[in-house]
There are 2 protein chains.
Amino acid sequence: MRYAPEHNEATRERILEAAARLFREHGIEAVGLAKIMADAGLTVGTFYTHFKSKEALLREALLRSLQDRNAALEQALRAGDLETAVRAYLSPEHRDEPGTGCTIAALAAEVARHPRATRQTFASNAKPSLDVIAESLSKRRGKKASLADAAAFLGLLVGTLQLARATPDRAESTAILEAGVRAAIQLAE
Amino acid sequence: MRYAPEHNEATRERILEAAARLFREHGIEAVGLAKIMADAGLTVGTFYTHFKSKEALLREALLRSLQDRNAALEQALRAGDLETAVRAYLSPEHRDEPGTGCTIAALAAEVARHPRATRQTFASNAKPSLDVIAESLSKRRGKKASLADAAAFLGLLVGTLQLARATPDRAESTAILEAGVRAAIQLAE
DNA sequence: ATTATCTATAGATCTATAGATAATGC
DNA sequence: ATTATCTATAGATCTATAGATAATGC
């Protein structure tokens, strides 16, 4: 059934959005193509009309979700200061919503075990966030922060969020988030 | 074939060691019981003589590898200072050897998606490391550091190591590790 | 006699492909 | 006529179980 060109594009979009969410929520390995396609309102047979393989889908889903997060971070830093952005990142809401949250916190450990091309996609699409963090740190410190410095700062946020997510006691988990905010503020000096 | 009691114990031990290493290297979902049993020199049928389920094995493997790492950290902090321990943690060697490395960096994100009982095991067996980090930070700062403060400090190490592991360019990856060391030293002030 | 191990297999899943069907453009 | 979708299935894996085999203790 030959549809309008927008139809194909819109379907591909739905698949990508489902994948970007499900991968962050459950992990890459834990989510099958059938689940992704069902969430996009399709059956699994159609998958290969839109993507070459699960790994190809993963790369596009990483690109997509990292770009979304980059844009949100840039906007947050334009609107407010670094401290406000840190508080939003280390919030109970972000902890409890991995499906729409930070791709790096959700998937960095798993992506590290994937082929180099996938890690390339991951690293190059995380870079804009590192750029704006480096800029923000440089301004605040009055001294140039490198991309690696920005990565360490982001590492603090990522690691702290993961520990908060893994901690079963809610109060302890929230205390970890708060300690993370204090640590980030200290590190930004 | 009824063996000596030590035989059963030794076999169980080999399975646990294989699991603790393979889970950290490849992730929990990515490693099948057949692979773990083969690495322990057995076939998959024997697995259920020793463990109730894969989840039960995971809990024991987490306990095992976290306890190993706790002991190593305590010893490192008895022998040297916090800065030396941080340099060892954020070293290229640790980055390149996840199978024997930090359980938290390797598995926290995945464990966060497992049942509460598994997260309990994870959290309670990570606690001794938090205790010694809190003690070390308290001494260095001349001011009491809470467990949550220790978690944020550990979060910096965990997140930075993960970013270094996910970064395909070796030089960039190593620069991230070095920036992580500087950040940890600053945070320990 | 006991029991750790093996082979074999059940039943569910996974990624990927084949071929039929049907909705639209020309 | 084209092609996005469907159903069906291949072939590989996964966790878990059943029943036979064999190595040791009593």
Side-chain angles (χ1 to χ4, degrees), chain A residues 1-62 107 110-111 113-115 117-118, chain B residues 1-62 107 110-111 113-115 117-118:
Chain A
M1 31 183 169
R2 183 202 276 173
Y3 293 94
E6 315 87 72
H7 182 268
N8 196 340
E9 190 63 25
T11 301
R12 191 186 156 84
E13 206 64 14
R14 284 208 317 283
I15 299 170
L16 265 178
E17 271 158 32
R21 183 174 50 77
L22 290 168
F23 284 154
R24 278 180 283 182
E25 267 177 25
H26 305 293
I28 301 156
E29 188 93 25
V31 177
L33 297 178
K35 171 71 176 153
I36 293 167
M37 295 305 281
D39 268 43
L42 297 161
T43 59
V44 70
T46 317
F47 177 78
Y48 294 90
T49 306
H50 296 278
F51 298 95
K52 196 175 111 277
S53 63
K54 187 184 181 183
E55 197 68 26
L57 169 66
L58 169 61
R59 282 171 207 164
E60 293 220 45
L62 287 173
L107 300 178
E110 194 167 2
V111 164
R113 298 162 184 135
H114 275 253
T118 303
Chain B
M1 30 182 168
R2 182 204 278 173
Y3 294 94
E6 315 88 70
H7 182 269
N8 195 341
E9 190 63 26
T11 301
R12 194 187 154 84
E13 206 62 15
R14 285 207 316 283
I15 299 170
L16 265 178
E17 272 158 31
R21 183 173 51 76
L22 289 168
F23 285 154
R24 278 179 283 182
E25 267 177 23
H26 305 293
I28 300 156
E29 187 94 24
V31 177
L33 296 178
K35 171 70 176 154
I36 293 168
M37 294 306 278
D39 268 44
L42 296 161
T43 58
V44 70
T46 317
F47 177 78
Y48 295 89
T49 305
H50 297 279
F51 299 94
K52 198 175 110 275
S53 63
K54 187 183 182 184
E55 197 69 26
L57 169 66
L58 169 61
R59 282 171 206 165
E60 293 222 45
L62 287 174
L107 300 178
E110 194 167 2
V111 164
R113 299 162 184 135
H114 276 254
T118 303

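Below, read A as the first sequence line, B as the second, and so on, with proteins coming before strands; counting in each chain starts at 1. If you're wondering where the values come from, they're calculated on a predicted model, not measured in any experiment.
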From D:dC6, D:dT15, C:dA16, pick the nucleotide closest to the side chain of B:Lys54? D:dT15
Could you check which of C:dT15, C:dA4, D:dT17 has an atom nearest any side-chain atom of B:Asn8? C:dA4
Separation of B:Glu60 CD from B:Glu55 CD (nearest 0.5 Å): 12.5 Å
Taking only Watson-Crick and G-U wobble pairs with both distances under 3.5 Å, what dot-bracket line describes DNA chain C, where [ ] shows pairs that cross earlier ones and | shows pairs with another strand? ||||||||||||||||||||||||..
Please round to the nearest 0.5 Å and tell me the distance separating atom CD1 of B:Ile15 and atom CD of B:Glu13. 10.0 Å
Could you state the interatomic distance from CG (B:Leu58) to NE2 (B:His114), rounded to the nearest 0.5 Å? 5.5 Å
Which one, C:dA4, D:dT15, D:dT7, comes nearest to the side chain of A:Thr43? D:dT7
Give me the atom names and distance for the closest heavy-atom approach of B:Arg113 to A:Arg24. NH2-O, 3.4 Å
I want to confirm an ordering. Mapping A:Val44 and A:Thr49 to their closest nucleotides on DNA chain D, which one lands closer to the 5' end? A:Thr49
Given atom OH of A:Tyr48 and atom C1' of D:dC6, what is their separation to the nearest angstrom? 16 Å
Side-chain polar contacts of residues 25-43 of chain A - donor-acceptor pairs under 3.5 angstrom, sequence neighbours left out - could you list them?
from, atom 1, to, atom 2, distance (Å)
A:Lys35, NZ, A:Asp39, OD1, 3.2
A:Asp39, OD2, A:Arg21, NH2, 2.8

Closest of C:dA16, D:dA4, D:dT17 to the A:Ser53 side chain is C:dA16
Counting only non-hydrogen atoms, which of residues 23-41 of chain A are less than 4.0 Å from DNA chain D? none
Can you identify which nucleotide, out of D:dT5, C:dC6, C:dT15, has its nearest atom closest to the A:Thr46 side chain? D:dT5
